[in-house]
Structure formats: C-alpha cells, structure tokens
Amino acid sequence: MKTDNREILLSVRDLKKHFPITQGIIISKTIGAVHAVDGVSFDIHRGETLGLVGESGCGKSTTGRTILQLYRPTAGSVWYQGKDLAKLKSEELRAMRRQMQMIFQDPYASLNPRMTVGEIIGEPLVIHKLADKKQTQERVEHLLDLVGLNSRFANRFPHEFSGGQRQRIGVARALALQPELIVCDEPISALDVSIQAQVVNLLEDLQKEFGLTYLFIAHDLSMVRHISDRIAVMYLGIIVELTTRDELYENPLHPYTQALLSAVPIPDPVVEEKRQRIVLEGDVPSPVNPPSGCRFRTRCPLAIDICSVEKPEFREVKPDHFVACHVVN
Amino acid sequence: MAELLKVQDLETQFRVREGIVHAVNGVSFSLKEGETLGIVGESGCGKSVTVMSMLRLIPSPPGKVVAGQAFYQGKDLLKMSDEEIRHVRGSQISMVFQDPMTSFNPVLTIGRQVAEPLEIHQGMSRKQAYERVADMLELVGIPKAKARLNDYPHQFSGGMRQRVMIAMSLVCNPSVLIADEPTTALDVTIQAQIVELVKELRDKLGMAIIWITHDLGVIAGLADRMAVMYGGYIIETAPVKSLYANPTHPYTLGLLNSLPRLDTDQYRRLESIDGLPPILMDKPTSCPFAPRCTFVREHCLQENPPLLETGPDHYAACWVDTKTGRERA
C-alpha cells in the first residue's frame with residue numbers, strides 16, 4: 001500500500017467554504033455564515049489513500065464536495081493537472097469531472113429509485129457521450145462483474161438490493177468513467193459490521209487493479225487507519241494534524257488527535273481494562289462563531305494564553321508531519 | 001448474587017403482508033444483581049425486539065410475543081396486568097433509547113419530562129420532584145442543572161440530551177437499566193464521555209445493565225457477560241473475557257476478524273463474512289448462519305444447533321468445533 005512515488009495529483013490551498021445564514025423571506029439578508037471549511041491546505045499523491053477524519057460537523061464532507069466543485073469554494077484553490085478547478089467554467093469543469101468521481105455515504109439516497117441499475121451505472125457514459133448503446137451495456141456488465149455483482153442484475157431496480165449491494169452499485173458508477181481520483185464520503189458508515197469489511201476489501205482490490213487515488217472521508221478511526229496511507233484530522237473547519245498513518249497512530253502530536261485516538265474503543269476487554277482515556281469536556285463549538293485563535297482551545301487540556309489570541313500556524317514539525325498547535329514544539 | 005431477571009424461550013413474531021416475520025426465536029438469558037450484560041448483533045438480529053418483548057413494548061398488532069416467560073424478581077412480566085407492568089417499567093426496569101433527538105417530547109421542558117416518573121411512580125409533588133431532578137441532572141454532569149430545568153430538549157446538544165435521558169431513566173432508582181444502542185448516534189469523543197458516565201453511575205448506584213449494541217468495541221470495556229445474537233437466536237454467550245479470547249461460534253469469530261483494530265501494528269486484509277443476514281420469513285429448521293458459514297457441515301443443514309457448553313460458562317450454538325474444524329461429539 002505504501003507509495004514511494006510522490007507525484008502530486010491534486011493540491012488544495014487555503015480552501016474555504018462558508019454557507020450564508022439568511023433572514024427574511026421577501027427581503028432576505030445575510031446575517032452570518034457557517035464557517036464549514038475555513039482554510040485547509042493539503043496535497044494528494046497519485047495512487048495513495050488520504051484519510052480525512054473528524055467528528056460530525058467538522059467539515060470533512062464539505063471539503064470533499066468542495067474539491068469536486070459540487071460546492072463552489074468561497075476562497076482558495078484546488079490545483080489539478082495545472083489548472084485551478086475553482087476558476088474553471090462549467091463546460092471545462094464537466095470535462096475535468098470525468099477524472100474525479102464520488103461515492104456517497106447513504107446507499108439508499110444516492111441511487112435514483114426510478115432507474116434500473118444498468119441505467120444508473122451507464123449514465124456517466126451517456127452524459128459524456130463516451131459509448132453507444134451496445135458498448136454501454138457491455139461496459140455496465142463488466143463493471144457489475146468487477147464490483148462482485150451478477151451482471152444479470154442490470155435490469156433490476158435499487159430497492160431490490162441490500163445496503164452493501166447498493167454501495168457496490170455506487171462504486172460501479174464511480175468507476176464507469178475510469179477516473180483517477182475517487183472521493184469516498186463515509187462509504188461504509190451506513191452498513192452493518194460484517195458488510196463493511198466486504199466493501200473496504202473491494203475498494204482496496206480496485207485501487208490495486210486500476211491504480212486509483214482515494215480521498216477517504218470517515219469518522220471511524222480504526223477503519224481509516226486500515227485503509228489510508230496518510231491521514232488528515234479535521235476539527236471545526238480546519239486541519240489540525242496531517243501525517244503518515246503509522247506516525248499519526250504512534251506519535252500523535254495535536255491534543256485533539258490524542259483525545260480522539262484514546263476515545264476509540266478497542267474490541268478486547270483485557271486491553272480496555274488497562275486503558276487510560278483522555279475524556280474531552282464539553283461539545284464542539286458552533287461553526288457560526290468559531291472560537292478566536294486556536295479552534296480547539298475551548299476543550300483543550302493543554303491550552304495556554306496565546307491559544308486564545310493567535311491562530312496556530314499549520315507547520316511541518318518533522319518530515320511529513322504537519323500540526324497546527326502552539327504547544328507542540 | 002441473586003438472579004434479578006430470567007428470560008426463558010422468548011419468541012416474538014410480526015405479522016406483515018408477506019407472511020410472518022420470526023424476529024425472536026426462543027431466547028433465554030438471565031441477569032444477576034449489579035451485572036452488566038452486553039447483547040451484540042447486527043441490524044435485524046432481534047436484539048431490540050428481545051428487550052421490548054420483555055417489557056411488553058411491542059406494538060400489537062403487528063407484533064406478538066407467542067411463547068416464553070420473563071421473570072423479574074420471581075414474577076412473570078408477560079403475565080402481569082397492565083397496572084403491574086406499568087409500575088415495573090420506569091421505576092424498576094427503565095430504558096435509554098438510541099436517538100436522543102426523537103425520544104423526548106419537544107414541547108415539554110426537560111424538568112417536566114424527567115420529573116414525570118417521580119410524580120407517577122412515587123407520588124411526589126412537583127416541587128419535591130424538581131429538587132430530585134436537579135440533583136440527578138447534576139449527577140449525570142449537566143452544568144448548572146437547576147437553571148436548566150425549564151429548558152426545552154432542543155436547547156441541549158446530542159451528548160447532553162443523552163445525559164438527560166440517562167438521568168430520566170435512573171431517577172426512580174431502578175434495579176435494571178436497559179440501554180438500547182445509547183451511543184450509536186454520538187461522536188466518538190462524546191461516546192467516551194457517556195460510557196465513562198455509565199460506568200461511574202453503575203459503581204455509585206449499583207444497578208444491573210443490559211447494553212444493546214452492534215459495536216464490539218464499546219461493549220468490551222463495559223460488560224461482565226456477553227450474548228451474541230443472529231437471526232433471532234442467541235448463538236453464543238460467555239463471560240466477556242472468555243468471549244473475546246475464545247470466540248467459538250463462526251459468526252462471532254467472523255465479526256471479530258472483520259474489525260480493524262487500532263492497537264495492532266501490522267496490516268492485514270479484513271476477513272469479511274460473505275452473503276447477507278437472513279430474512280426471517282420462515283422459522284429456520286437448519287442453522288441460520290449456515291449459508292454464510294465457512295465451517296458448514298451436512299449436520300448444520302439438517303438440524304439447528306442448540307446452545308452447547310464449550311468451556312466454563314461458555315455456550316455456543318454450533319455443531320462444529322471451530323478450533324479443530326471437526327464436529328463436536
């Protein structure tokens with residue numbers, strides 16, 4: 001799984017996405033903004049899996065969607081093949097989207113119930129005018145086969161499938177255009193435990209076969225560790241720590257990462273008995289009025305005076321290990 | 001320790017348009033004073049229906065408890081009059097539900113709702129009850145509890161709401177607390193807070209707990225005894241350490257192997273359990289797990305195995321010894 005090949009596929013620089021809060025029906029005016037993503041920067045290398053973790057509302061899904069320009073960013077840039085996606089016109093963007101696809105969280109909401117599985121998987125080919133009817137049909141059968149579904153299922157409707165099978169259909173649709181990058185937005189959190197492993201194994205097999213690059217968004221830290229090469233931890237709209245998988249789990253530097261890791265239960269009563277937990281106080285603050293200075297300072301056990309005044313810089317403290325914290329040396 | 005609760009051969013069915021769903025097919029377990037029992041299983045395995053049947057909370061029609069007994073302190077809950085069971089529910093056996101968003105009445109204040117069991121079961125006046133409620137909210141870690149009695153549920157965050165729910169369930173000092181996936185809707189750091197809180201309260205108040213979950217991690221550090229359910233049956237039950245150290249049923253084994261673990265370094269491919277959970281339209285005559293089992297034998301298809309003792313206080317419903325791969329004598 002390790003990538004020595006460090007070619008950068010995609011660069012995100014200071015990306016921001018704010019959603020306006022409006023008041024009034026006829027004369028609507030903006031009275032504030034949800035700072036969902038508030039300045040994130042990272043690179044994705046070709047062929048790697050970058051895990052993006054954080055709790056609900058931290059902006060991880062918004063980041064994924066903004067990269068693909070499903071939301072147009074408020075500020076910042078997304079560089080892909082020498083072009084800034086944030087500045088592309090819709091025509092050019094559509095052509096670029098061929099190389100970037102998405103797998104969604106909810107396999108029940110992301111498939112059109114009135115279309116057959118064949119139509120769903122074949123639709124990208126039709127939209128991009130890449131295949132005639134017969135070719136599309138062949139390609140659909142091949143894709144179904146690839147994701148472990150019977151190719152005769154092409155004429156069935158989504159409701160005839162279970163959650164895990166639907167997620168396979170979602171994977172097949174994402175693969176239809178032979179993309180380079182797939183953004184996986186919590187692809188397994190709606191599935192049962194025994195089915196999760198099936199889908200993760202499928203994603204790993206496909207990555208090996210086609211050299212795919214994944215941005216894997218999730219809140220389950222054990223699963224992210226399993227699948228990722230590098231991991232970024234988000235908190236309230238910013239990335240607080242970004243490093244390789246092993247470094248993050250062996251040597252987490254940011255106090256939030258440390259707390260997050262210690263909160264993950266381990267399926268072993270003997271280990272659990274001996275574990276010391278860092279239990280964070282309170283809840284995540286609202287992204288409408290994020291705390292001044294460091295976003296995490298209101299719950300941070302290590303906070304000092306400077307944390308409320310100055311935003312910590314996201315800096316490389318050792319090779320390949322970035323962290324945004326005043327306390328870390 | 002005295003036996004508090006004893007459930008025997010409980011069977012529950014639901015009548016639907018397509019026929020009869022056999023949700024629970026003869027479940028037996030017991031609970032001692034102060035003991036914590038974890039019931040684990042995937043969606044649709046019958047874990048919630050089991051406890052709901054016991055407390056007579058199954059809506060009828062379509063549901064019906066068709067057989068079995070559930071003794072609480074020597075009296076059968078299933079044969080009690082409505083008056084008697086109402087007295088047991090809420091004051092002696094109480095329940096915490098999964099979703100803290102939908103299990104409160106949004107138009108009544110928190111104080112009113114938490115005080116209700118005290119007014120009903122213990123005949124307290126509103127004033128007395130409110131004092132006790134304030135103490136209870138303090139105990140579960142609501143800051144400035146007294147000032148928040150007149151707040152409405154939407155003014156609390158998810159984690160805080162789950163704390164209020166726990167306060168409500170414990171306000172009458174029950175001897176059994178049933179928690180039905182109480183942390184599933186919460187983030188990991190909040191989940192850790194709630195688990196720590198329940199452990200603390202258990203030490204202080206000494207109630208017995210039935211904790212229902214699909215997460216083998218959360219329960220590992222909490223339970224004394226475990227029961228794993230599949231297809232409406234308990235397929236393995238054992239003391240918690242014995243279950244994790246020696247998982248005996250192929251399904252338990254499969255579940256544990258399909259989880260990535262945060263505390264092991266080397267990468268391994270996840271073992272998935274192929275196939276899908278059973279649809280319980282017919283009462284199984286063979287082992288319900290047989291179609292997905294890698295150890296399957298002729299015998300498994302002919303006869304459904306009962307729980308067999310496979311070790312000290314360790315029972316599994318399987319004809320095959322998963323260690324040797326041979327059929328049990």
Side-chain angles (χ1 to χ4, degrees), chain A residues 1-2 53-58 148 161-165 190-202 204-205 219-227 245-246 249-250 256 259-275 277-284 286 299, chain B residues 40-45 141 143 156-160 183 185-193 195-197 214-224 226 239-245 251 254-265 267-277 292:
Chain A
M1 289 256 300
K2 272 265 160 286
V53 285
E55 299 180 275
S56 29
C58 72
F161 295 88
S162 70
Q165 288 174 321
L191 307 176
D192 262 324
V193 185
S194 72
I195 310 295
Q196 287 187 352
Q198 292 178 7
V199 174
V200 166
N201 285 343
L202 173 69
E204 287 184 334
D205 292 343
H219 65 264
D220 178 345
L221 278 109
S222 333
M223 202 50 102
V224 167
R225 175 184 186 184
H226 175 80
I227 200 168
R245 169 189 44 195
D246 292 342
Y249 287 88
E250 275 156 30
Y256 178 64
L260 203 56
L261 286 173
S262 95
V264 178
I266 289 172
D268 188 336
V270 183
V271 177
E272 281 288 308
E273 225 171 47
K274 294 191 201 109
R275 268 177 107 203
R277 282 233 153 80
I278 310 168
V279 177
L280 288 180
E281 303 273 316
D283 291 298
V284 183
S286 155
R299 300 171 79 195
Chain B
V40 198
E42 297 179 276
S43 22
C45 73
F156 292 79
S157 70
M160 283 297 155
T183 60
L186 306 174
D187 277 317
V188 275
T189 58
I190 308 294
Q191 167 173 290
Q193 289 176 0
V195 169
E196 289 305 312
L197 173 70
H214 67 269
D215 186 336
L216 281 158
V218 176
I219 197 70
L222 203 64
D224 300 311
M226 301 275 294
V240 66
K241 283 185 188 160
S242 176
L243 187 100
Y244 284 86
Y251 177 64
L255 272 188
L256 282 168
N257 285 337
S258 70
L259 290 176
R261 278 179 61 159
L262 209 52
D263 61 332
T264 47
D265 278 340
Y267 173 84
R268 68 177 169 87
R269 193 179 160 83
L270 300 177
E271 285 175 38
S272 60
I273 305 176
D274 288 334
L276 301 171
R292 303 174 74 187

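Bear in mind that the values here come from a model prediction, so they are computed numbers and not experimental data.
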Asks: For A:E272, give me all partners under salt bridge (Lys or Arg N to Asp or Glu O under 4.0 Å), at least two apart in sequence or on another chain.
Replies: A:R275, A:R277

Asks: Going through the distances and angles, do A:E204 and B:L270 end up as a side chain to side chain contact (heavy atoms under 4.5 Å, CB included)?
Replies: CA-CA 10 Å; A:E204 287 184 334; B:L270 300 177; over 6 Å; no

Asks: Contact between B:L262 and A:M223 at the side-chain level, heavy atoms closer than 4.5 Å - yes or no?
Replies: no

Asks: At a heavy-atom distance under 4.5 Å, which candidate from A:L280, A:D220, A:V199 has the highest pair count against chain B?
Replies: A:L280

Asks: What option among B:E271, B:R269, B:E196 has the most heavy-atom pairs under 4.5 Å with chain A?
Replies: B:R269

Asks: Measuring only between side-chain heavy atoms, which start at C-beta, is A:E281 closer than 4.5 Å to B:Q193?
Replies: no

Asks: Please test A:E55 against B:T189 for side-chain hydrogen bond (donor to acceptor under 3.5 Å, both in side chains), starting from the C-alpha separation and ending with a verdict.
Replies: CA-CA 8 Å; A:E55 299 180 275; B:T189 58; 2.5 Å; yes

Asks: Using a 4.5 Å cut-off on heavy atoms from C-beta on, say whether the side chain of A:Q196 contacts that of B:S258.
Replies: no

Asks: Kindly compute the distance separating CG (A:L260) from CG (B:D187), expressed to the nearest 0.5 Å.
Replies: 9.0 Å

Asks: If every non-hydrogen atom of B:S43 is compared with every non-hydrogen atom of A:D192, which pair is closest and at what distance?
Replies: OG-OD2, 2.6 Å

Asks: Output the distance between atom CD1 (A:I266) and atom CG (B:L259), rounded to the nearest 0.5 Å.
Replies: 11.5 Å

Asks: Test side chain to side chain contact (heavy atoms under 4.5 Å, CB included) on B:M160 and A:D283 and set out the steps.
Replies: CA-CA 9 Å; B:M160 283 297 155; A:D283 291 298; 4.0 Å; yes

Asks: Before giving the answer on side chain to side chain contact (heavy atoms under 4.5 Å, CB included), spell out for A:V271 and B:R261 the whole-Å C-alpha distance, their side-chain angles and the decisive distance to 0.1 Å.
Replies: CA-CA 12 Å; A:V271 177; B:R261 278 179 61 159; 4.1 Å; yes

Asks: Please classify the contact between A:V279 and chain B as side chain, backbone, both or neither, with a heavy-atom cut-off of under 4.5 Å.
Replies: side chain

Asks: Answer with side chain, backbone, both or neither: which region of B:E42 has an atom nearer than 4.5 Å to a non-hydrogen atom of chain A?
Replies: both

Asks: Can you see which heavy atom on A:I195 is nearest to which on B:G275, and at what distance?
Replies: CD1-O, 3.8 Å

Asks: Is A:L261 in contact with chain B via its backbone, its side chain, both, or neither, using a 4.5 Å heavy-atom distance?
Replies: both

Asks: Are A:S194 and B:R292 close enough that some pair of their side-chain heavy atoms sits under 4.5 Å apart?
Replies: yes

Asks: Mind checking what makes ring-ring contact (aromatic ring centres under 6.0 Å, His included) contact with B:F156, not counting sequence neighbours?
Replies: none

